[in-house]
Amino acid sequence: MSDYLAGLNPAQRDAVETTEGPVLVLAGAGTGKTRVLTTRFAHLLLTKRAFPNQILTVTFTNKAAREMRERLHRLLGQPVEGLWLGTFHALCARMLRRFAERVGLTSDFSILDTDDQFRLLKQIMEAAHIDTKRWPANALMTQIQRWKDKGYLPGQIPANESSDFANGKAEALYKAYQDRLKSLNAVDFGDLLLLMVNLLKTDAEVLSTYQRMFRYILVDEYQDTNLVQYYWLRLLAQGHKNICCVGDDDQSIYSWRGAEIENILKFERDFPGAKVIRLEANYRSTAPILAAASHLIAHNEGRLGKTLHPGRVDADGEPVEVVAVWDSEEEARMIASRAESLWRAKHKLSEVAILVRAGFQTRAFEERLMVLGIPYRIVGGLRFYERQEIRDALAYLRLLALPAYDLAFERIVNLPKRGVGEGAMRTVHEAARAMNIPLYAATQKLVAEGGFKGKLRETLRGLLESFARWREELALRGPVVALETLLDESGYLAMWKADKSPEAPGRLENLKELVRALADFETLPQFLEHVSLVTENEDQAGDDKLSMMTLHGAKGLEFDTVFLPGWEEGLFPNQRALDEGGNKSLEEERRLAYVGITRAKHRAIISHAARRKSYAGWQDAIPSRFLDELPENMLRHSGSAQTQPYRQPHMSAGFPVLAKRPARASKIPLGARVFHQKFGYGRVIAVEDDRLDIDFETSGEKRVLDRFVERHDT
DNA sequence: TATCATCGGGTTTTT
DNA sequence: CCCGATGATA
Ligand SMILES: Nc1ncnc2c1ncn2[C@@H]1O[C@H](COP(=O)(O)OP(=O)(O)OP(=O)(O)O)[C@@H](O)[C@H]1O
């Protein structure tokens, strides 16, 4: 009967069986945290403590949610219905749809993608006469997101969290943006959390509905939750306090998205008497891999401290390899050919991964794998629903479903080119504003009342008629037929067919794929919801393919063999991260390295190149400092530059060693008052070449590059 | 209004 | 080097 508990060690079992009260499972990589969470869910069901819909389970990605659903299915021998299992965003969206009117929306509100978000913000900035060259809309988008991560609505931002963006106009712009969203009956990604938390705070009925509904709460990857997510959890768990969070402070890698490791400490504070359970046996990796990872991460300060020892019976293993290669092309050849050998030796390619720091690094490997005919998949990368042609088609669909969705109207009104230009759009905008109606309705009205002249008039009339027809098609014959008809009749397909650029056939293929994807859904709104929330590519996991992804994307996964290329200063640790966040960022980069190494079950192969091709030509590189932080007795060195003492990056010995940046004296003098995009105003307190130590008025002392600041003497 | 040339700017990580 | 944004021309 309790078969499902058999696969657990005593500590894990404790974590599963302590069902009541707050539990924090704090444990290193590969100790079975996710397994604990899944088993705990099964345990709650099988001991009849709760029904599936009374357990709220939060995962970090949609993919992790899917996997957990499958594992549950296997564990219980049958699929489970009515689950509340998903990402924070997906779960909030579901709640918010139900209570949309209470936040001033209707239940069919749209969820903006980043592209629409950007366009909207830019419009708002232009309306406020802000120079978007000097103050990029992107920066404001980030700032607003940061505020939302912390749970601040416009008007609630504390003075020390305010922004110097556009001379202090950021908050007003934030307000304008929120107002505009509301009038569009739309929210952005951050709003899903922000509005829901606010609703829970202000509406006792909604709060108690969910507090009573969810008798147990489970949270995976707790170390990467941000403040607003924490508030959400705290509000929901406040009644019964049956909340179980699992996490690892050494794997916190999303601070740039507002994640706060401090949430781990807050948990014990806000849930007094929380039971903290530590898991120490790592079941994933061989002893050398584990030792290498542990030694590396020990260089971080202020860790919560966890012991980790091999838990596998076959924990002996090969040392971690460190391969020094001459350049990035050799690195690609080396990794591809080693993957090929593994493949020939009957290893599964699905157990091989290449994990990189930044997305662009995958390209070199792709080219090489293609030459050797090795099947691969890129996880993450540019996502299906973010491709231009898909977004265009989606805009048509959105407008079909929601005629008031102005952003979609603007996107497709002249796509394909119909001769509806700036002038015509200005007329439409003015009419819409004057009558306080959506753009689509305004166009209808203008056309009906004899607006526009000649060809333009006919074009718009034709377009409106088409939409009416497509809507009828949608009602009568369903979304798939409607989409096919619309793509054809709008001339959108023809546009790509006529396009003779090399990527056009791929785009047509993607559009076909979109039609196939749509067929899996019953209604158009369901599909649109899916598209808004599931940003990842659906991977056909069955195929035996090598995986390539960023280190961020690899969180929670495991592979037999893991390649970790590009361990060079500047790339990894990433220079920009270092420039922006100093030592804190360095530690986060180190955690990223820790995550990377601990993905490997049997083989970890780290490599670094002496020269790397970049957009500016060949760039010399020095080995990553993280290589120096690995335990020598757990490593095996190899590669064309094997004999070089690459561990002393600052001595030239075989490698052409160049300084990372040319040491250029800064033109900004000591004591100058300066302005920095991110940190605001401050005074220069030290100058070293092109690096400045600045005492910022709002964010304290930071070291930054002089090209990131401008003088602002008063 | 559409199209082409030129310019300048920028590569972190993603729900 | 490759993208997008911008501005002159058909
Ligand atoms: N008690 C156990 N006995 C044997 N294998 C186990 C046990 N617990 C977990 N494992 C295995 O160890 C591996 C790691 O487990 P899991 O992914 O749950 O760890 P995790 O702590 O979530 O890891 P990470 O934080 O690195 O993502 C998995 O392959 C899992 O099946």
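What's counted below: heavy atoms across the whole structure, side chains too, no hydrogens, waters or symmetry copies. Note that the coordinates shown come from a computational prediction; the quantities given were computed from them, not determined experimentally. In what follows, chains are A, B, ... by sequence order, proteins preceding strands, each numbered from 1.
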message: Between P on B:dT14 and CG on A:Asp224, what's the gap in Å once rounded to a whole number?
response: 12 Å

query: Distance check: side-chain N/O of A:Thr550 vs OP1/OP2 of B:dT14, anything under 4.0 Å?
result: yes

- prompt: Between A:Trp256 and B:dT13, do the rings stack, that is, sit under 5.5 Å apart with planes less than 30° off each other?
  reply: yes

- request: Compute whether any side-chain donor of one residue and acceptor of the other, for A:Glu410 and A:Gln123, lie under 3.5 angstrom apart.
  value: yes

message: Please give me the minimum heavy-atom distance between A:Leu571 and A:Gln361, naming the atom from each residue.
response: CD2-NE2, 3.5 Å

message: Does either side chain, that of A:Gln143 or that of A:Gln145, offer a donor lying less than 3.5 Å from an acceptor on the other one?
response: no

- prompt: Please give, in whole Å, the distance from B:dT14 C1' to A:Phe384 CZ?
  reply: 19 Å

- prompt: Can a side chain N or O of A:Arg576 be found less than 4.0 Å away from OP1 or OP2 on B:dT12?
  reply: yes

- request: Find the distance A:Leu227:CG to B:dT15:C1' and express it as a whole number of Å.
  value: 17 Å

Pair A:Arg363 + A:Glu366: basic N to acidic O under 4.0 Å: no

task: Could you tell me the separation between the NZ atom of A:Lys455 and the P atom of B:dT1, rounded to a whole number of Å?
output: 11 Å

message: For A:Ala90 and A:Glu589, find the nucleotide of DNA chain B closest to each by heavy atoms; which residue's nucleotide sits nearer the 5' end?
response: A:Glu589

query: So which nucleotide from B:dT12, B:dT11, B:dT3 ends up closest to the side chain of A:Lys417?
result: B:dT3

query: Just one of A:Arg625, A:Arg612, A:Arg611 clears the salt bridge (charged side-chain N to carboxylate O under 4.0 Å, His left out) bar with A:Glu568, so which one?
result: A:Arg612

task: Answer yes or no: does a side-chain N or O of A:Asn414 lie under 4.0 Å from OP1 or OP2 of B:dA2?
output: yes

message: For A:Leu592 and A:Glu422, find the nucleotide of DNA chain B closest to each by heavy atoms; which residue's nucleotide sits nearer the 5' end?
response: A:Glu422

query: With a non-hydrogen cut-off below 4.0 angstrom, is A:Phe88 in contact with a base, only sugar-phosphate, or nothing?
result: nothing

query: Between C:dC3 atom P and A:Asn138 atom CG, what is the distance in whole Å?
result: 18 Å

- prompt: How long is the line joining CZ of A:Arg418 and P of B:dT3, in whole Å?
  reply: 14 Å

- request: Pick base, sugar-phosphate or nothing for A:Tyr254, based on heavy-atom distances below 4.0 Å to the nucleic acid.
  value: sugar-phosphate

field: Whole-Å distance separating the NZ atom of A:Lys613 from the C1' atom of C:dC2
entry: 14 Å

statement: Whole-Å distance, A:Lys122 NZ to C:dT6 P, equals 5 Å

message: Using a heavy-atom cut-off of 4.0 Å across all strands, would you classify A:Gly423 as base, sugar-phosphate, or nothing?
response: sugar-phosphate

Sugar-phosphate only, base, or nothing, as touched by A:Gly359 at under 4.0 Å among non-hydrogen atoms: sugar-phosphate

